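Structure, as structure tokens:
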Amino acid sequence: STAQYNYEVYHSLEEIQSWMFEMNRTHPKLVDVFSVGKSYEGRPLHVLQLGKRSHPQKKAVWIDCGVHAREWIGPAFCQWFVKEAINSYQYDSAMRRLLNHLNFYIMPVFNVDGYHFSWTKDRFWRKTRSKNHKFHCRGVDANRNWKVKWCEEGASSHPCDDTYCGPFPESEPEVKAVAKFLRKRKKRVKAYISIHAYAQMLLYPYSYKYATIPNFNCVESAAHNAVTALYSAYGERYRYGPASTTLYVSSGSSIDWAYRNGIQYAFAFELRDTGHFGFLLPESLINPTCTETMKAVKAIASSLLNKC
Amino acid sequence: YLYNNRYAGDQVFRITPNNYEEVQVLKQILGHMKVDFWQPNSASLICHNATVDVHVKHNDTHTLCARLNQERIAYRVFISNLQKEIEKQTGYRSSRKRR
């Protein structure tokens, strides 16, 4: 049962999928589960809808984890977020306010094929598992495949590269499915959050150019509040700012796509660490990493309910 | 062993190019080796004063060490045996332990 589910270990895709249905079964008033499509290898792309059922036009926050297969702390965080949100709904007034006024769409594993492959064959697989019949290499970087400045600086057009942008924008069924879902709901989805690892950063648009977004002050303030909240947990420092200057220029990213599609708050987290374990963050660090990130995500979500 | 022990002896190097010349040399060295970029995501994104983390196969580690020493580019090995770290990260646990 979910009460005994261990959130402080990494779980396989199958375990995560059965956990999602169990959360829906045991918390029907707060959790709904649905699929937005199928992956390249035919796996369902499950999403949880978290929030008190009230009027259908509630604002929403989208959180995806596991865009890059080897970044296992992402799916661990998405599960942690759902567990914490449900457990604290009764006694934490801030969380109750969030779940009463917002829906959270949580996608614990975006890149389901890649994640499964990273558990079974290659621990350090990054991309999707699509096949390009002209090349022996598989996979597209799902964070270079979005229809925004697609395949320009910071992405590669070679199928064997880890930053391969794909044969065309939204070529990956996983990207196409999520883009379609968000496009349909863009009036309601007020924030887009994508969880990655590792670098300890909080990034916002633009990735594809050195320029300042029109609502810079509000987004910068939300980011500042988020990393301040994160720091308050264990004193871990996160850098924050536009992805192009804080990390590097890249094109076809999901946060630039979300922003261009009217989602005013689009963030990418790079979680722990800064290069001691890298992708192999030990399970003993799942709890503190997720606890601090929870504070940051709550701060971002709360900023949506306040006027900026 | 997890993953059929395929990562035994593989290492992860953290390399810090200090100037433009070292960046160019490093791009040239890594461009000719089959390494897996952890950070940044590709050789083209290497820039000075930004760390480069690369996963190097066990039979290439000595070659890379020699080249970096020869070029006097600063580096350290932050994971000396990848297979061990992988085993440590999840190891073999019964599904019961996961619940």
Side-chain angles (χ1 to χ4, degrees), chain A residues 1-12 14-16 18-19 22 68 70-73 118-127 141 143-144 153-156 158 160-164 196-199 201 247-250 270 273-286, chain B residues 1-8 10-16 23 27 30-31 34-58 74-99:
Chain A
S1 73
T2 51
Q4 296 154 332
Y5 192 75
N6 189 347
Y7 289 90
E8 299 195 33
V9 297
Y10 294 108
H11 288 277
S12 67
E14 292 75 16
E15 290 169 346
I16 294 170
S18 49
W19 165 82
E22 193 63 13
H68 294 134
R70 60 192 180 189
E71 299 167 14
W72 287 9
I73 188 63
S118 75
W119 268 74
T120 53
K121 294 288 185 307
D122 181 342
R123 173 64 188 77
F124 302 108
W125 189 257
R126 166 183 166 89
K127 301 191 280 184
D141 184 340
N143 206 23
R144 300 294 190 277
E153 190 180 347
S156 166
H158 194 294
C160 294
D161 284 347
D162 251 359
T163 52
Y164 176 44
H196 294 255
Y198 59 93
M201 291 179 182
L247 192 54
Y248 39 68
V249 169
S250 73
E270 292 278 354
D273 60 15
T274 54
H276 186 74
F277 293 106
F279 300 120
L280 297 175
L281 200 73
E283 291 178 327
S284 57
L285 291 178
I286 290 176
Chain B
Y1 286 102
L2 289 173
Y3 306 98
N4 296 321
N5 207 29
R6 65 181 278 186
Y7 301 103
D10 287 9
Q11 297 186 328
V12 180
F13 283 53
R14 166 153 287 189
I15 308 164
T16 313
V23 165
K27 280 185 179 179
L30 296 179
K34 200 157 174 25
V35 294
D36 173 20
F37 280 88
W38 281 25
Q39 236 185 34
N41 300 136
S42 66
S44 63
L45 296 170
I46 296 175
C47 52
H48 72 281
N49 288 336
T51 52
V52 177
D53 296 345
V54 284
H55 163 195
V56 183
K57 292 245 175 281
H58 65 280
Y75 73 93
R76 65 182 176 86
V77 174
F78 81 75
I79 296 181
S80 54
N81 189 326
L82 209 46
Q83 185 71 32
K84 273 194 183 152
E85 282 304 316
I86 288 171
E87 304 288 350
K88 268 186 349 186
Q89 184 184 44
T90 54
Y92 273 52
R93 266 186 312 285
S94 69
S95 61
R96 194 184 59 73
K97 190 82 182 326
R98 291 178 180 287
R99 284 198 170 279

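Letters A, B, ... mirror the listed sequences (proteins, then strands); counts begin at 1. Keep in mind that this is a model prediction, so the values were computed, not measured.
Note: B:K88 NZ to A:S284 OG = 9.5 Å, rounded to the nearest 0.5 Å. Note: A:H158 NE2 to B:S42 OG = 13.0 Å, rounded to the nearest 0.5 Å.
Ring planes of B:W38 and A:F124: tilted class, angle from 30 to 60°.
For the pair B:D10 and A:R123, the salt-bridge criterion is not met [side-chain N within less than 4.0 Å of a carboxylate O].
B:D53 approaches A:G275 most closely through the heavy-atom pair OD2-CA, 4.3 Å. When every heavy atom of A:Y248 is checked against every heavy atom of B:P40, the shortest pair comes out as CE2-CB, 3.5 Å.
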field: Evaluation steps, side-chain contact (heavy atoms from CB on, under 4.5 Å), between A:F277 and B:Q89
entry: CA-CA 10 Å; A:F277 293 106; B:Q89 184 184 44; over 6 Å; no
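With a 4.5 Å cut-off on non-hydrogen atoms, A:D141 does not touch chain B at all. With a 4.5 angstrom heavy-atom cutoff, A:T274 touches chain B only via backbone atoms. At a 4.5 Å heavy-atom cutoff, the contact between B:N41 and chain A is made by backbone and side-chain atoms alike. If you measure heavy-atom distances from B:Y7 to chain A, the contacts under 4.5 Å come from the side chain alone. Only the backbone of A:T120 has a heavy atom closer than 4.5 Å to any heavy atom of chain B.
Listed options A:H276, A:E8, A:E153, A:H68 were ranked by heavy-atom pairs under 4.5 angstrom with chain B; first place goes to A:H276. Options A:D122, A:D161, A:T163, A:D162 differ in how many heavy-atom pairs under 4.5 Å they form with chain B, and the most are formed by A:D122.
Contact check for B:L45 versus A:L247: no side-chain heavy atoms found under the 4.5 Å cut-off.
The backbone N or O of A:Y198 lies less than 3.5 Å from a partner atom in the side chain of B:Q39, making a donor-acceptor pair.
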